Participant: 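Okay, handing you the structure first.
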2 protein chains.
Amino acid sequence: MGLIHQQAQSGYDLRKLFATTPLGSYSDSPGAIYPALRRLESQGFIQGHDEYSGKRARCVFRITAPGLAQLEAWLSQPVTRLDVVRRMDELLAKFSFMDGVLGKEGAMGFLRTLERELAIYTAELEAYLREEGPGMSISGRLALDSGVHSHQALLRWSRTALETYQRSLTGEAP
Amino acid sequence: MGLIHQQAQSGYDLRKLFATTPLGSYSDSPGAIYPALRRLESQGFIQGHDEYSGKRARCVFRITAPGLAQLEAWLSQPVTRLDVVRRMDELLAKFSFMDGVLGKEGAMGFLRTLERELAIYTAELEAYLREEGPGMSISGRLALDSGVHSHQALLRWSRTALETYQRSLTGEAP
DNA sequence: TATATCATGTAATGCGTTACATGATTTA
DNA sequence: TAAATCATGTAACGCATTACATGATATA
C-alpha cells in the first residue's frame with residue numbers, strides 16, 4: 001500500500017520492483033502478490049482499474065481514502081521493542097514511506113522513538129556479550145558481536161538521519 | 001537442530017531460549033516449536049526421550065546421526081547472493097553453530113565467501129543510492145542509506161571475524 | 001489455598017511458496 | 001516463426017500465528 005500510495009501500480013509493476021530494487025526485500029512471486037492485491041481490494045483499501053495504454057490491459061491499483069487512513073494508522077504505530085528486535089526490516093520499509101504520508105514531523109518523531117529503542121536494545125546486546133561471551137564458542141560470540149555492530153551502526157544512522165531532517169527544516173524556513 | 005546439537009533441549013527449553021536470548025530471533029510460540037520438533041523427529045533427525053529429574057517429565061531431544069549429517073549439509077551450503085540480500089539473519093544464526101559442527105576451517109571458509117558476497121552487494125547498494133537517491137524522498141533515501149551502512153558494518157565485521165580466527169590458529173599452533 | 005510457573009500440546013485460520021497455466025505482444 | 005517478455009492468475013502444500021486447553025508442581 002505504501003508503494004501504491006507513492007504511485008499507482010499493477011501487480012506486475014510490484015513484481016518488478018521487488019525483484020530489481022534493493023528496498024523492501026519482499027517476495028516477487030505472483031502467488032503472493034496477486035492474492036494480496038485482491039484481498040486489499042476486497043477490504044476497500046485499494047481499487048483496481050484496467051488500463052489500455054496502446055498495449056494489452058494492465059490492472060492498475062490506486063489507494064482509496066480508507067486505504068490512506070489505514071496506511072497512516074500503520075505508519076503512526078509506535079516503535080516497540082519487539083519491532084527493533086525482530087522486525088527491523090519492516091521498520092525501515094515503513095520509514096521509507098514516512099514523509100510522503102506523515103510529513104517531516106512524522107518522520108522525525110519516528111526517528112526519535114527508534115533511536116531510543118535502539119539505544120536500549122544495543123546496550124542490552126553489549127551487556128549480554130560481556131557476560132555470556134566468554135562462555136560461548138568463537139563463532140557464537142562473533143555472531144553475537146555482529147548483532148552488536150549492526151545495531152550500533154543503525155543507532156549512528158538514526159542520529160545522522162535526524163540531523164538531516166533538522167538541517168532540511170532550518171534550510172527551508174529561514 | 002543447531003541448538004539441540006550444542007546441547008539436548010526440550011520444547012520448553014527452546015521457548016525460553018527464543019524468548020530470552022538475543023541470538024536467532026525465532027518465534028517462541030508453542031504452536032511453532034512443538035509441531036516442528038515432532039516433524040524433525042518423524043524425519044529421524046532428532047530423537048526425544050522423557051526425562052524425570054525429580055520433577056515432572058520433560059521430553060528432551062537429542063540429535064541423531066542422520067540429523068548431524070543434515071545439519072552439516074545445511075551449514076555447508078554456499079553463501080548465495082539471495083542469502084545476503086534477504087536472509088542475513090539466517091546466515092548469522094548458521095554461523096553461530098559453525099565451529100561446533102564444521103570446525104574453524106569451515107567457519108573461515110564461510111566468512112570468506114560471506115565477505116565476497118557482502119562486498120558485491122554493498123557496492124551495488126552504494127551505486128543504487130548514488131544513481132537513484134537524488135530522485136527519492138528524504139525518508140526513502142535515508143532508508144536506503146541505512147541499508148548501505150548496515151551492510152558496510154557487516155562487511156567490516158566479517159573481516160575482523162576472519163582475523164580473529166587467524167589469530168586463534170597461529171596462537172594454538174606455534 | 002490461590003497463583004505463578006513448568007511443560008506440552010491442539011484447532012482454526014491465514015498466508016507464502018512452489019509449480020503450473022494462459023494468452024498477448026515484442027524481438028531475433 | 002521461435003523465443004523472450006508482458007501480465008495475470010490458480011492449486012496443492014506446508015507452516016506460523018493466535019488462541020485455547022490441560023495438568024502438574026512450586027511459591028505466597
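From a predicted model like this one, the values you see are computed outputs, not experimental measurements. Lettering of chains follows the sequences in order, A, B, ..., and the numbering in each one begins at 1.
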Participant: By nearest nucleotide on DNA chain C, pick out whichever of B/Pro35 and A/Pro35 is the more 5' one.
Facilitator: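 Nearest nucleotide further toward 5': that of B/Pro35.
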Participant: Look at all strands and tell whether A/Gly11 reaches a base, only sugar-phosphate, or nothing, counting heavy atoms closer than 4.0 Å.
Facilitator: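 Result for A/Gly11 = sugar-phosphate.
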Participant: Under 4.0 Å between a side-chain nitrogen and a carboxylate oxygen: does that hold for A/Arg38 and A/Glu41?
Facilitator: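 Here A/Arg38 pairs with A/Glu41 in a salt bridge, since their nearest N and O are under 4.0 Å apart.
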Participant: May I have the distance from A/Tyr34 (atom OH) to D/dA11 (atom P), rounded to whole angstrom?
Facilitator: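 Those two atoms, OH and P, are 17 Å apart.
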Participant: Can you see if the side chain of B/Arg38 gets near the phosphate of C/dT8 - specifically, an N or O under 4.0 Å from OP1 or OP2?
Facilitator: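 Answer no for this pair, as no side-chain N or O of B/Arg38 is under 4.0 Å from OP1 or OP2.
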Participant: Would a distance-only check, ignoring hydrogens and angles, find a side-chain to backbone donor-acceptor pair under 3.5 Å from B/Asp28 to B/Phe18?
Facilitator: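 No.
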Participant: Output the rounded distance in Å from CG (A/Leu14) to C1' (D/dT8).
Facilitator: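 Interatomic distance, CG of A/Leu14 to C1' of D/dT8: 13 Å.
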Participant: Could you note down all residue pairs passing side chain to side chain donor-acceptor pair (under 3.5 Å) where residues 64-80 of chain A supplies at least one of them, sequence neighbours left out?
Facilitator: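 Pairs touching residues 64-80 of chain A that pass the test: A/Thr80-A/Asp83.
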Participant: Tell me: CG of A/Leu37 to P of D/dG9, nearest whole Å?
Facilitator: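 Interatomic distance, CG of A/Leu37 to P of D/dG9: 9 Å.
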Participant: Between B/Gly67 and B/Met1, which heavy-atom pair has the shortest distance, and what is it?
Facilitator: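 For B/Gly67 and B/Met1, the tightest heavy-atom pair comes out as O-CE, 3.0 Å.
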Participant: Specify the separation, in whole Å, of atom CG of B/Asp13 and atom P of C/dG9.
Facilitator: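 My rounded result for the distance is 13 Å.
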Participant: Please report the distance, rounded to the nearest Å, between CG in A/Leu82 and C1' in D/dT17.
Facilitator: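 To the nearest whole Å, that distance equals 13 Å.
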Participant: Just how far, in rounded Å, is C1' of D/dT18 from CG of B/Asp28?
Facilitator: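 After rounding, the reported distance stands at 12 Å.
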Participant: Ring centroid separation for B/His5 and B/Phe97, is it under 6.0 angstrom?
Facilitator: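 Between B/His5 and B/Phe97, the centre distance exceeds or equals 6.0 Å.
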Participant: Are any of B/Tyr12's side-chain N or O atoms less than 4.0 Å away from OP1 or OP2 of C/dC6?
Facilitator: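 Result: yes.
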Participant: Quickly work out the A/Glu51 CD to D/dC6 P distance and round it to whole Å.
Facilitator: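 To the nearest whole Å, that distance equals 17 Å.
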Participant: Provide, to the nearest angstrom, the distance between the CD1 atom belonging to A/Ile33 and the C1' atom belonging to D/dA7.
Facilitator: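 Nearest whole value for this atom pair: 12 Å.
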Participant: Kindly point out which of C/dG16, D/dT18, D/dA7 is positioned nearest to the side chain of B/Ser29?
Facilitator: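 The answer is D/dT18, which lies nearest to the side chain.
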Participant: When you get a sec, tell me which of C/dG16, D/dA16, D/dT8 is the closest nucleotide to the side chain of B/Arg39?
Facilitator: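 Selected nucleotide (nearest to the side chain): D/dA16.
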Participant: Of the options C/dT8, D/dT8, C/dT17, whose atoms approach the side-chain atoms of A/Arg58 most closely?
Facilitator: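 Between C/dT8, D/dT8, C/dT17, the one nearest the side chain of A/Arg58 would be D/dT8.
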Participant: Could you say whether A/Ala32 or B/Cys59 is positioned toward the 5' end of DNA chain C, judged by the nucleotide with the nearest heavy atom to each?
Facilitator: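 First, find each residue's nearest nucleotide; the 5'-ward one identifies B/Cys59.
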